[in-house]
There are 2 protein chains.
Amino acid sequence: MPHDRHRPVTLQEVAAAVGVSAKTVSNAFSRPDQLSAALRERILATARRLGYPGPNPLAAGLRRGRVGAIGVAYDNGLSYAFDDPVAVALLAGVASAAEPAGSGLLLVPGSSDPARRLAAVSDAVVDGLVVSSVGDDDPLLAAAIVRGLPLVVVDQPRPDRLAALGAPGTPWVGVDDRAAAAAVAGHLLDLGHRRLAVVSFGMHRDPITPGLVDERAQAAATYAVTRDRLAGYRDAARRAGLDWAGVPVFHGGDSTPEVGEVGADAVLATDPRPTALLCLSDRLAEGALQAAARLGLRVPGDLSVAGFDDAATAPGLGLTTVRQPTREKGRAAGQALLDLLAARPAPAPRSLPAELVVRTSTGPPA
Amino acid sequence: MPHDRHRPVTLQEVAAAVGVSAKTVSNAFSRPDQLSAALRERILATARRLGYPGPNPLAAGLRRGRVGAIGVAYDNGLSYAFDDPVAVALLAGVASAAEPAGSGLLLVPGSSDPARRLAAVSDAVVDGLVVSSVGDDDPLLAAAIVRGLPLVVVDQPRPDRLAALGAPGTPWVGVDDRAAAAAVAGHLLDLGHRRLAVVSFGMHRDPITPGLVDERAQAAATYAVTRDRLAGYRDAARRAGLDWAGVPVFHGGDSTPEVGEVGADAVLATDPRPTALLCLSDRLAEGALQAAARLGLRVPGDLSVAGFDDAATAPGLGLTTVRQPTREKGRAAGQALLDLLAARPAPAPRSLPAELVVRTSTGPPA
DNA sequence: ACCCGCTTCTTCATCGATGAAGCACGCGAG
DNA sequence: CTCGCGTGCTTCATCGATGAAGAAGCGGGT
């Protein structure tokens with residue numbers, strides 16, 4: 001009797017050892033009500049003795065068509081996601097929906113190699129997917145759509161774009177970025193600022209050379225979030241009678257303090273110097289505050305700085321910003337996916353409320 | 001030709017449509033070098049036309065014996081994990097190892113129902129497991145062990161306990177909690193403190209009534225981390241000639257600021273009032289600082305407070321603490337697991353370095 | 001003319017379980 | 001005595017792919 005040292009014991013082998021059918025062993029583990037308590041005990045004892053690890057979840061999943069996990073794919077991959085508190089909050093929200101349902105959360109790995117990035121989505125062993133914040137033309141989303149699994153999209157692309165991609169009716173959760181952005185910009189304009197500047201994160205997935213971008217480029221952003229926030233700022237500016245073309249808009253790569261600092265430097269070097277900075281995220285704003293400090297500009301005396309998100313760090317920085325219910329967004333997305341999986345009616349795309357939070361980083365211009 | 005609206009197209013069907021064998025279609029997707037480019041194109045085109053979602057990763061995983069994901073099971077479940085910055089840092093570390101390897105990260109859901117909590121481990125569709133910080137007798141670990149998958153343990157149980165559980169040689173990553181705890185305590189004693197008190201998180205998985213605990217109870221903790229940190233404090237106290245029995249040790253449930261605040265209140269109510277608080281985590285210390293502020297005690301003038309972990313919040317709080325390389329711990333654990341999966345030599349259990357970080361929350365007693 | 005080796009595709013068995021349906025038995029009701 | 005039904009277990013087919021081994025065609029070396 002050759003003994004493979006490492007091949008795990010199978011259900012069949014337990015069945016043979018006990019002298020019952022495989023199905024009965026299966027039932028002993030998965031449907032205790034289907035056999036007598038005595039036999040079940042005998043089976044479990046034998047299973048223990050043989051070192052049977054329990055029904056292989058992979059095989060069971062194949063047969064059942066369910067694996068008890070939902071996937072989350074994030075534009076920038078895991079390393080970045082864990083560095084950004086807002087991304088973490090979103091994950092926390094999804095988890096808070098998945099956990100009570102007994103569902104695992106599979107974080108889909110990213111990659112700098114486009115093919116591997118897509119393969120990770122194609123190969124994810126999950127019952128459904130949450131795709132968070134990808135560009136309008138990102139093949140990642142296409143890869144998620146072809147899988148034909150229940151799908152929920154967070155933030156971007158927008159519902160109209162999802163329909164165009166052949167996935168109409170896909171549940172979507174986000175906020176009205178344009179209106180929210182207009183609200184912060186309006187706040188600064190109301191304070192009397194007339195020389196605004198913007199520090200933005202990426203407009204496209206592909207790496208770019210950071211720098212100032214004109215209105216045409218702004219409107220061409222494939223990141224709908226970027227596009228809409230910029231549009232919101234512009235709406236407010238126009239409403240206040242400002243010439244948007246005169247507002248310097250810097251755009252860099254990721255949403256990090258480093259990019260924010262570089263961006264602030266860039267726009268503060270324009271003449272006349274802006275009196276207020278609109279940053280597309282709190283992390284960018286954090287960098288902008290550092291730049292201001294380094295340049296010896298007092299905030300808000302010499303320079304007002306506003307962010308976006310209301311990240312956990314914002315209160316500590318005294319940052320004026322827009323609160324998005326990030327965690328709730330994740331929860332809603334996770335719940336929507338679970339609803340789809342349970343064949344419950346899928347919720348319609350919905351924007352969660354965002355609200356202006358005024359703190360100490362903004363004030364009237366000097 | 002009946003048309004199941006929702007059953008996905010299978011590889012067999014694509015094969016039939018093209019007029020080739022199933023294996024060839026499989027190769028078209030997974031091993032492009034195994035067939036002519038022309039045929040491959042034809043197959044992919046047909047697949048697209050039929051709406052074939054690509055090889056079912058579940059079925060492929062079953063056949064290959066690999067699913068491309070590693071699992072992480074955490075003592076307290078996901079919701080708690082995402083609330084604790086230290087737990088998030090650990091996850092970030094694991095992710096930073098998994099991602100470059102193209103491996104997904106499955107977060108195993110927790111549950112208040114013990115059976116479901118274990119089932120989540122048994123049913124996790126993964127190639128290997130990281131079990132983080134569970135009690136010495138936690139059946140969760142037993143469930144992980146019986147699965148027979150490559151396994152790595154973080155923090156606790158300790159390697160000797162793992163051997164006793166029938167899993168000797170299991171890679172383990174953690175820090176020398178006892179020595180590290182002795183270092184912080186020694187720091188306070190060196191400053192001249194003679195009236196110490198301790199605020200601890202749980203000693204067992206089961207919920208307890210918070211309160212002061214004696215030395216016997218301390219040594220009986222099934223959380224090795226708790227046990228060893230307390231032992232480390234005691235080592236230092238004894239070395240300084242202090243009677244450990246006279247040191248009030250509060251222990252509550254989770255590692256949260258709320259518990260820390262309650263704990264600080266409790267030990268500060270003892271007479272004579274302690275001049276220094278040793279907290280088993282920075283989150284507990286955060287609560288202790290709040291309690292101190294509420295009681296009108298100046299830190300460190302009236303009360304010194306020390307934490308453990310060096311969480312991201314610690315610098316901002318000016319908290320004296322012990323730095324554990326949490327992220328690196330996660331990375332090492334993830335890497336060890338990937339090594340096991342690749343049949344590379346598994347690293348021996350190792351303690352990563354921890355070091356005392358003195359900030360402004362500690363000073364000489366009044 | 002023959003053998004070799006490469007490319008390209010096929011055949012066969014198998015990964016490890018579970019749903020659906022079926023059979024045998026015992027028991028209570030009519 | 002017989003029918004009906006619930007309990008307890010089995011049989012059969014199937015979930016959707018891939019590894020190993022093999023066969024056909026083809027060009028090149030001798």
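Lettering follows sequence order; numbering is per chain, from 1. Only a predicted model underlies this, so the values are computations on that prediction, with no experimental measurement involved. Values reported hereafter were calculated over all heavy atoms of this structure, with side chains retained and with hydrogens, waters and symmetry mates removed.
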Worksheet entry | Estimated bend of the helix from C:dA1-D:dT30 to C:dG30-D:dC1 (axis per five terminal pairs, rounded to 10 degrees) | 40°

Worksheet item: So, the side chain of B:Thr46 versus the backbone of B:Arg42: is there a donor-acceptor pair under 3.5 Å, distance only?
Response: yes

Write out a two-atom table: protein N or O, nucleotide N or O from nucleotides 24-28 of chain D, distance below 3.5 Å.
none

Practice prompt. Any pair with a residue in residues 98-110 of chain A that passes side chain to side chain donor-acceptor pair (under 3.5 Å), sequence neighbours left out, goes on the list, sorted by first then second residue, please.
Written response: A:Glu99-B:Ser79

Per-pair distances, 0.1 Å, donor-acceptor, side chain in residues 129-158 of chain B, under 3.5 Å, sequence neighbours excluded:
residue	atom	partner	partner atom	Å
B:Ser133	OG	B:Gln156	NE2	3.3
B:Asp136	OD2	B:Arg227	NH1	2.8
B:Asp136	OD2	B:Arg227	NH2	3.3
B:Asp138	OD1	B:Arg117	NH1	3.2
B:Asp138	OD1	B:Leu140	N	2.7
B:Asp138	OD2	B:Arg117	NH2	2.7
B:Arg147	NH1	B:Val121	O	2.9
B:Arg147	NH1	B:Ser122	O	3.1
B:Arg147	NH1	B:Ala124	O	2.7
B:Arg147	NH2	B:Ala124	O	3.2
B:Asp155	OD1	B:Lys329	NZ	2.9
B:Asp155	OD2	B:Lys329	NZ	3.0
B:Gln156	OE1	B:Ala224	N	2.8
B:Gln156	OE1	B:Val225	N	2.7
B:Arg158	NE	B:Asp228	OD2	3.1
B:Arg158	NH1	B:Asp155	O	2.6
B:Arg158	NH1	B:Asp177	OD2	3.4
B:Arg158	NH2	B:Asp177	OD2	3.0
B:Arg158	NH2	B:Asp228	OD2	3.1

Worksheet item: Roughly how many Å is it from CD in B:Glu13 to C1' in D:dA17, rounded to a whole number?
Response: 13 Å

Worksheet entry | nucleotides 4-14 of chain C: protein proximity per nucleotide (B base, S sugar-phosphate only, - neither; heavy atom, under 4.0 Å) | -----BBB-BB

Discussion item. The criterion is salt bridge (Lys or Arg N to Asp or Glu O under 4.0 Å); which residues satisfy it with A:Arg116, sequence neighbours excluded?
Written reply: none

Discussion item. Between B:Glu41 (side chain only) and B:Ala38 (backbone N and O only), is there a donor and an acceptor less than 3.5 Å apart?
Written reply: no

Worksheet, complete the sentence: Here the distance between atom P of C:dG16 and atom CG of A:Leu11, to the nearest Å, is 11 Å

Discussion item. Can you pull out every ring-ring contact (aromatic ring centres under 6.0 Å, His included) where at least one residue sits in residues 100-156 of chain B? Sequence neighbours excluded, please.
Written reply: none

Fill in: Side-chain touch A:Tyr223/A:Asp75, heavy atoms, less than 4.5 angstrom
yes

Fill in: Side-chain N,O (B:Thr10) to OP1/OP2 (D:dC15) below 4.0 Å
no

Worksheet item: Just by distance, do the side chain of A:Asp127 and the backbone of A:Gly68 share a donor-acceptor pair under 3.5 Å?
Response: yes

Discussion item. Tell me the interatomic distance from B:Leu58, atom CG, to D:dA17, atom P, rounded to whole angstroms.
Written reply: 10 Å

Worksheet item: A:Asn56 CG to C:dG16 C1': how many Å, rounded?
Response: 6 Å

Worksheet entry | Nearest-angstrom distance from the residue atom CG of B:Leu62 to C1' of D:dT18 | 10 Å

Worksheet item: Any donor-acceptor pair under 3.5 Å linking the side chain of B:Arg66 with the backbone of B:Leu341?
Response: yes

Worksheet item: Is it true that a side-chain atom of B:Thr170 and a backbone atom of B:Ala167 form a donor plus acceptor pair closer than 3.5 Å?
Response: yes

Worksheet item: Which atoms form the tightest heavy-atom contact between A:Gly61 and A:Val67, and what is the distance?
Response: CA-CG1, 4.2 Å

Discussion item. Are A:Leu105 and A:Val94 packed together at the side-chain level, in the sense that at least one heavy-atom pair is separated by less than 4.5 angstrom?
Written reply: yes

Worksheet item: By a strict heavy-atom criterion of less than 4.0 Å, which residues belonging to residues 41-53 of chain A are in contact with DNA chain D?
Response: none

Fill in: Interatomic distance where CZ belongs to A:Arg31 and P belongs to D:dG8 [whole Å]
14 Å

Worksheet item: Within this structure, what is the CD-to-C1' distance between B:Gln12 and D:dC15, rounded to whole angstrom?
Response: 11 Å

Worksheet item: So, do B:Leu39 and B:Val20 sit near enough that their side-chain heavy atoms are less than 4.5 Å apart?
Response: yes

Item to complete: Using the test salt bridge (Lys or Arg N to Asp or Glu O under 4.0 Å), find all partners of A:Arg344 that sit at least two apart in sequence or belong to another chain.
Response: A:Asp339

Worksheet, complete the sentence: Residues passing the salt bridge (Lys or Arg N to Asp or Glu O under 4.0 Å) test with B:Asp83, sequence neighbours excluded, are A:Arg327

Between protein and nucleotides 24-26 of chain C, what N or O pairs are separated by less than 3.5 Å?
none

Worksheet item: Do any pairs count as a ring-ring contact (aromatic ring centres under 6.0 Å, His included) and have a residue in residues 17-50 of chain B, sequence neighbours left out, and if so which ones?
Response: B:Phe29-B:Tyr52

